[in-house]
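Lettering follows sequence order; numbering is per chain, from 1. FYI, side chains are in, hydrogens and waters are out, and symmetry mates aren't considered; it's all heavy atoms of this structure.
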Amino acid sequence: MSDSLLLLSLVALPFLGALAASLLATHARNAAAYLAGGVALAGLALVWTAYPTISQGGVLRAEFAWVPQLGLNFVLRMDGLAWLFAGMVTGIGALVVVYARYYMSTEDPVPRFFAFLLAFMGAMCGLVLSGNLIQLAFFWEMTSLFSFLLIGYWHHTQAARDGARIALTVTATGGLCLFAGLLLIGHIVGSHDLDVVLASGDAIRNHPLYLPALVLVLLGALTKSAQFPFHFWLPHAMAAPTPVSAYLHSATLVKVGLFLMVRLWPVMAGTDAWFWIVGTAGLITLLVGAYVAIFQHDLKGLLAYSTISHLGLITLLLGLNSHLALVAAIFHILNHATFKASLFMAAGIIDHESGTRDIRRLSGLNRTMPFTGRLALVAAAAMAGVPLLNGFISKEMFFEEALSADGLLVLPLVAMLASAFSVTYSLRFIHGTFFGPDPQDLPRQPHEPPAWMRFPVEILVLGCIFVGVLPAATVGPFLDLAARSVLGEATPYYSLAVWHGVNLPLVMSMIALGGGVVLYMALQKHLRSGIEGPPLIRRLEGRRIFERALVFLSWRLARRLEGVLGTRRLQQQLRMVLLLALAAGGFAAWHRGVGPGNLVPQGVDPVIALVWVVGAACALGAAWQAKFHRFAAIMLLGGAGLVVCITFVWFSAPDLALTQLLVEVVTTVLLVLGLRWLPKRMDKPGATGVEVVTISRRLRDLAIAIAAGLGMAALAFAVMTRTPPDLLAQHFLARAYTEGGGTNVVNVILVDFRAFDTLGEIFVLGAVALTVFALLRRFRPAPESVEVPEQQRDQSARDAERPDRRDGDTVADWLLVPSVLTRLLFPVICILAVHLLLRGHDQPGGGFAAGLVASIAIILQYMIGGAAWTEEKLRVLPLRWMGTGLLLAGGVGLASLFFGMPFLTTYFAYADLPWIGRVPTASALLFDIGVFALVVGATVLMLIALAHQSVRGHRAERRAETAPRALVPGED
Amino acid sequence: MEFLLALLFGVLLSAAIYLLMARSLARSILGLLLLGNAANIAIIASGRVLGWAPPLVAPGANALVADASNPLPQALVLTAIVISFGLTAYVMVLSWAVWRGKGTVDTEALRVAEPRGLPAADPRDAAEAETLAADLLPTRTGAR
């Protein structure tokens, strides 16, 4: 089997298994267990297959392109350390699956459990096999997520939800720090590849960014491995089903932090900073964990704190910066996984068969569960470090390292003390549960579990014994592989043996054993009293601090900040956005400078300059007049628009100038039609105090507006006087005719090169028109704005005065000559539209301009003849125009697919038509006709919908006049 | 000339921003319209003055003369002009709907989604927030 296939299947199999398990029926317990067990065993077999290569000191490596643009590959890499961990993950995983099959109740949705478990296993495999820092962080977060799901598996209980939430918050926050740290390392090294990183230890340690990187990485590792002061999440994670605890807290999740520290040991350790941070965290955790564990009444709680303590021990070993200590650390990782998994399983069996995990209620189970009792006894002895068991050997190594650390007497003393504590809590676990009088009123009558439920415990306990008796023959080679893969040539000589003669570590062990027993006896009274929590540090509850911090961050601080900085006033928000943009732009300008560039400015053209002065004056006038003289403001805005139009001419942009001119016309019509329905002004006469506020607000707005305008003007000036970068435009200019078949480059860009944009744009326009239409369909103008204008009232009054005239006679022939002319102009304007449309591809014009022209023709008829008159003569049906346009434009695009070309590819040729001559025909013309139809439809639809409001308004007015007074309110 | 153009742009933008910050929606609409025009000038100016000939290929030629102006911003602005028109129409009708539904176009008064008094600055709300925070804080529980 090739390396890549092996590694890939090792990572992928669990995930595929998880997917398959998630598809099983809710209560398919056996099928899911077989599936999960099969996957775990297959994983173990794969790991074993790799052994021949690994044992030769080889490294398996597989690379797959991941994000090649960033030089990021998906690298799987298996050396001795990764091999050891992969074996542990799959091996203990298989045992946990067997155990879980019997532990999980038939009422639980077991396939989901196994799906989470397998996915977690896959994430673990991916993590230990990562050959790339980014990938490592990715799988790291994945383990956090799946452990969250596993811990919260019994999500109907509050404890499970809380435990899962705390675990996720702590470990995922750590994961983020880790990610940042790994990125820093990647920055220092210049590569994220693990092999490269591991080869550049000196570069990392001597870099100024070493300390930040170290702290960040350690934040990740220490949170994951539940080190003080982040240890509090682990006991709460005990709300998980016991198989999960056995898996997560022995071999996998919490070991990940240690794995990372071992992995990066060659490049990050060896400094004082490492020693002090890692060593201190480990030391405190070791002692506090062991101390608190003694006073736990819950079996799993006891195991949880003992796990914390053992993790602290390993962390401390890693912090000692000694090669031998590293070997001891790896060894203890292995040993701890074995005895702690079996102890968790034993605790689960006790819970399962007797109904409680409370040591105060349990007692004398040895008589009803003799096998389990003996298994637990051996495992607990290994935890306590009793000779001839695996825990003893690694503890001896620990003592030796503690003694040899330079001149620190505190280390051996703390080591001995913690060791004595571990003896005490191990004793408590065994003595409190299995010995003593027969238990009273247990929820269930205790009995031995099914043989297969005990089987995993038996295997693990056998492991404890074998390793304890024959360390060099059993675990020696594997340990050597792992140590060598980390330390390489620097691997020190060490001896794995039970008997090293009478030396100081042995004496310390004996003292610890004796002291532990004495302590247990001394504490009997206190423990029996059943007081919750450890003495002395009862108040030090990590969780409470954590919750307070969370509530502060997510609730109080957020509210307070919102109270200070936030606003719910829209204008205030707009001002804030503007000020922020100003600050950001100002900072950039101050930082990098903004000034004229290298291009020589164009000479001043007095005519255009004068036009611009007029434009600026129009804009200022509009802003000034907008409040009280809206009509004047609209006219001034039109003036500004025309100046923009002339500016486009100056820029040699005939298409733009044409379109701008037309849009300006249509917009002005729109505003004149539309704005009259909005209330004129909303100032209410108030006290003088209000006015002062208003004036100051206006001044502030003015200042912001001027600052923004000046800033943007400076920016625009700076841009305009700099040589443009390599222009995309050159590409369009060169190919417009040869490939697009048109001589008007702007139009070719619109209907050919960027036709997809144009297609999107006409859809937007269509959507806008439909929305306007829909909003106005049921709209009735507000009663106060339907008032007939003064002029019309005057006219009506005159009609009423004279008996021979009827209402409306005076205005019957209003603007007669212009209206005749306008009607005559209608076909002319339409022909102009068609002309603009047809020549658009080669000369200024095109669908947009033509569409606007045509709609202006129609709107003119409405303006001059009135809505009723026009609609009698001319039915426009704008919705059909729009539909046709969209279908045509989209259809032309799709048609190119039939010819095997990409969407919206243009075809062009010259056709020789009789009478007319050579006519360029491009499929883009059809597209442009689609644009034309849509623009006509959309513009006319909007304007007509607006125009109809005035018809409705007058209708409402007339009805209001004729209707009986009582009926007036509510009408329309 | 560039300086003057930049100045025109600045003035248009200032007027637009001033109008946008007004409390009345009617003035905001006018501001939006002006903003569109200012932005279009900025876009086309960012294409620099490459030449004075319109981007049209002369009859018989295959490519543009070297002196042609930059066609790309022109194409961008062309669509922007039309969209800006659509936007103006849309916002105007939307303001109508607001006026009809709420009887005001004063943005300060438009607070259906976020009524007054919600921020924590209000003491009653602060008290309520504290109660909620107290609920969030779990009671002391053991490892179980």
Side-chain angles (χ1 to χ4, degrees), chain A residues 235 238 298 301 547 551 555 559 563 568 570-571 601-602 604 609 612 616 619-620 623 626 644 651-654 656 659-660 663 667 670 674 677-678 682 701 705-706 708-710 712-713 716-717 719-721 724 729 732-734 737-738 743-746 749-750 761 765 768 772 775 848 942, chain B residues 1-4 6-15 17-19 21 24 26-27 30 37 42 44-46 48 52 54-57 62-64 69-72 74-75 77-79 81-82 85-86 89-90 92-93 96-97 99 105-108 114 119-121 129 133 136-137 143-144:
Chain A
M238 291 299 134
D298 177 21
E547 296 284 359
V551 166
W555 186 261
R559 305 277 304 192
R568 303 193 175 204
L570 295 173
Q571 302 314 113
Q602 314 279 340
V604 175
W612 285 348
L620 292 177
V644 172
F651 266 106
S652 312
L656 286 195
T659 316
Q660 172 78 19
V663 163
T667 309
L670 179 92
W677 301 115
L678 286 179
M682 50 192 199
D701 287 357
I706 290 174
L710 279 180
M712 285 305 286
F717 181 66
V719 167
M720 276 190 284
T721 50
F732 292 132
L733 286 173
Y737 187 62
T738 52
T743 54
N744 180 1
V745 183
V746 174
I749 291 176
L750 281 177
E761 193 210 350
L765 201 61
V768 166
V772 167
L775 277 172
F848 281 118
M942 285 190 269
Chain B
M1 214 58 189
E2 276 87 348
F3 182 74
L4 288 177
L7 217 56
L8 172 71
F9 164 58
V11 170
L12 288 188
L13 194 70
S14 293
I17 288 176
Y18 182 74
L19 281 173
M21 281 190 289
S24 154
R27 273 182 286 161
L30 298 181
N37 276 333
I44 197 163
S46 72
R48 324 297 203 278
W52 296 111
L56 302 170
V57 180
N62 265 341
L64 277 182
S69 57
N70 192 346
L72 187 60
Q74 296 191 14
V77 170
L78 189 72
T79 52
I81 293 174
V82 181
F85 163 69
Y90 177 69
M92 196 172 76
V93 174
W96 276 19
W99 170 230
V105 287
D106 180 0
T107 52
E108 300 279 295
E114 295 176 309
L136 282 180
L137 271 177
R144 265 172 286 178

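- The parts of B/A45 that come within reach of chain A are both its backbone and its side chain, each placing non-hydrogen atoms under 4.5 angstrom from that chain.
- At least one donor-acceptor pair closer than 3.5 Å links the side chain of A/Q571 to the backbone N or O of B/M21.
- Every side-chain contact (heavy atoms from CB on, under 4.5 Å) that A/V719 has, sequence neighbours left out, goes to B/S46, B/R48.
- Annotation: the span from B/F3 atom CZ to A/T721 atom OG1 amounts to 11.5 Å, rounded to 0.5 Å.
- Using modelled atom types, one side-chain atom of B/S69 and one backbone atom of A/S652 make a donor-acceptor pair closer than 3.5 Å.
- Between the B/W96 side chain and the A/G674 main chain, a donor and an acceptor come within less than 3.5 Å of each other.
- For A/L656, the parts lying near chain B are the backbone and the side chain together; criterion is any non-hydrogen pair under 4.5 Å.
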Side chain to side chain contact (heavy atoms under 4.5 Å, CB included) between B/M1 and A/W612, worked out: CA-CA 10 Å; B/M1 214 58 189; A/W612 285 348; 3.9 Å; yes
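- Of the listed residues (B/V77, B/I17, B/I81), the greatest number of heavy-atom pairs within a distance under 4.5 Å of chain A belongs to B/I81.
- No side-chain heavy atom of B/M92 sits under 4.5 Å from any side-chain heavy atom of A/V772.
- Taking every heavy atom of both residues into account, B/P71 and A/V746 meet most closely at O-CG2, 4.0 Å.
- Taking every heavy atom of both residues into account, A/L775 and B/A97 meet most closely at CD2-CB, 4.2 Å.
- Contact annotation for A/F848: only side-chain heavy atoms (C-beta onward) come within less than 4.5 Å of a heavy atom of chain B.
- Distance check, rounded to the nearest 0.5 Å: CD of A/Q660 to CG of B/L78 gives 10.0 Å.
- The shortest non-hydrogen separation linking B/E2 to A/M720 is O-CE, 3.5 Å.
- With a 4.5 Å cut-off on side-chain heavy atoms, B/L8 and A/V644 do not count as touching.
- Residues B/I44 and A/A653 share a closest heavy-atom pair of CD1-CB, 4.2 Å.
- Atom CE of A/M712 is separated from atom CG of B/L13 by 6.0 Å, given to the nearest 0.5 angstrom.
- Taking every heavy atom of both residues into account, A/A623 and B/A15 meet most closely at CB-CB, 4.0 Å.
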Decide side chain to side chain contact (heavy atoms under 4.5 Å, CB included) for B/Q74 and A/I749; before the verdict, give the C-alpha distance in whole Å, the side-chain angles of both, and the deciding distance to 0.1 Å. CA-CA 10 Å; B/Q74 296 191 14; A/I749 291 176; over 6 Å; no
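- At a 4.5 Å heavy-atom cutoff, the contact between B/Y18 and chain A is made by backbone and side-chain atoms alike.
- Partners of A/F651 under the ring-ring contact (aromatic ring centres under 6.0 Å, His included) rule, at least two apart in sequence or in another chain, do not exist in this structure.
- Using a 4.5 Å cut-off between heavy atoms, A/M942 touches chain B through its side chain atoms alone.
- Closest of all the heavy-atom pairs between A/A705 and B/S14 is O-OG, 3.0 Å.
- Side chain of A/T667 to main chain of B/F85: no donor-acceptor pair is present (N/O by atom type, distance under 3.5 Å, no hydrogens or angles).
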